[in-house]
Amino acid sequence: MLADDGEWLVAGIVFAFSVLFPAGKILAALVAWRRLRRGGRPPAWIVEGLPALGRWSMLDVFVVALIVFSVKASALGEASVEFAIVPFIAAIALTALATRRIDRIARRRRA
C-alpha cells in the first residue's frame, strides 16, 4: 500500500527491515548450520555477521509497533493484538535462539 501511494522510501525501509534482514539472517544461519552438521566450519563472515543481522532484523518488531501505534493514534482505523502475534513472537524467539546456538558451536569449533 505504501508503494501504491508513492511512498517508495518508506516502503523500501519497511521491506528491508521486515523481509530482507530477517530472511538474510535465516539464510545465513541455515548455511552455517548445514556446514556444522557436515562436520565443517562455516565461513567466519557468516558467524561474525549473525549477531549484526539479528539486531537489524529485530527492527521488524519496531516497524510492527509503529504501525499499530499510528493506526491507534489516528481516527482512520483500529488495531488490536490478535492471536497471530503468538507465531510472530515465537519465530523471533526461535530464530534468536538458533542463531545464538550456531554462533556458540561455530566458535567452539574454531577454537
Side-chain angles (χ1 to χ4, degrees):
M1 288 174 37
L2 289 168
D4 289 342
D5 289 342
E7 297 289 341
W8 291 101
L9 179 63
V10 177
I13 291 170
V14 169
F15 182 76
F17 292 124
S18 297
V19 177
L20 293 181
F21 279 105
K25 180 177 90 169
I26 291 169
L27 288 174
L30 180 63
V31 168
W33 175 76
R34 288 193 63 170
R35 291 268 177 101
L36 290 170
R37 294 280 295 169
R38 292 181 177 164
R41 290 187 337 194
W45 65 270
I46 290 179
V47 175
E48 293 167 4
L50 279 176
L53 278 172
R55 283 189 295 275
W56 282 102
S57 70
M58 285 301 292
L59 283 174
D60 64 337
V61 176
F62 182 66
V63 168
V64 169
L66 282 177
I67 291 169
V68 170
F69 173 77
S70 66
V71 169
K72 282 189 169 241
S74 72
L76 298 175
E78 290 187 27
S80 62
V81 177
E82 298 290 334
F83 181 75
I85 198 76
V86 174
F88 179 68
I89 292 171
I92 292 168
L94 290 173
T95 56
L97 289 171
T99 55
R100 187 176 178 138
R101 182 159 168 79
I102 288 167
D103 182 53
R104 282 188 192 158
I105 294 169
R107 290 184 192 278
R108 246 188 279 142
R109 285 216 181 143
R110 206 169 264 143

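- Atoms CZ and CD1, on Arg100 and Ile102 in that order, are 13.0 Å from each other to the nearest 0.5 Å.
- By the side-chain contact (heavy atoms from CB on, under 4.5 Å) test, Ala96 is found to be paired with no residue, residues two or more places apart in sequence or in another chain being considered.
- Residues passing the side-chain contact (heavy atoms from CB on, under 4.5 Å) test with Phe15 are Val19, Leu20, sequence neighbours excluded.
- In this structure Arg107 satisfies the side chain to side chain donor-acceptor pair (under 3.5 Å) test together with Asp103, sequence neighbours excluded.
- The line from OG1 of Thr99 to CG of Leu94 is 10.5 Å long, rounded to the nearest 0.5 Å.
- Counting non-hydrogen atoms of other residues, nucleotides and ligands closer than 6.0 Å to CZ of Arg101 gives a total of 12 or fewer.
- Leu27 forms part of no hydrophobic cluster, judged by ILVMFWY side-chain heavy-atom separations under 4.5 Å.
- For the pair Ala106 and Leu36, the tightest heavy-atom approach, listed with the atom from each and the gap, is CA-CD2, 4.1 Å.
- In plain terms, the two heavy atoms of Pro22 and Ala16 that are nearest each other are CD-O, 4.3 Å.
- Residue pairs meeting the salt bridge (charged side-chain N to carboxylate O under 4.0 Å, His left out) criterion with at least one member in residues 29-45: none, sequence neighbours excluded.
- Trp45 contributes atom CH2, which lies 9.5 Å from atom CG of Leu50 (distance to the nearest 0.5 angstrom).
- The side chain to side chain donor-acceptor pair (under 3.5 Å) pairs that include a residue from residues 9-20 number zero, where partners must be two or more places apart or lie in different chains.
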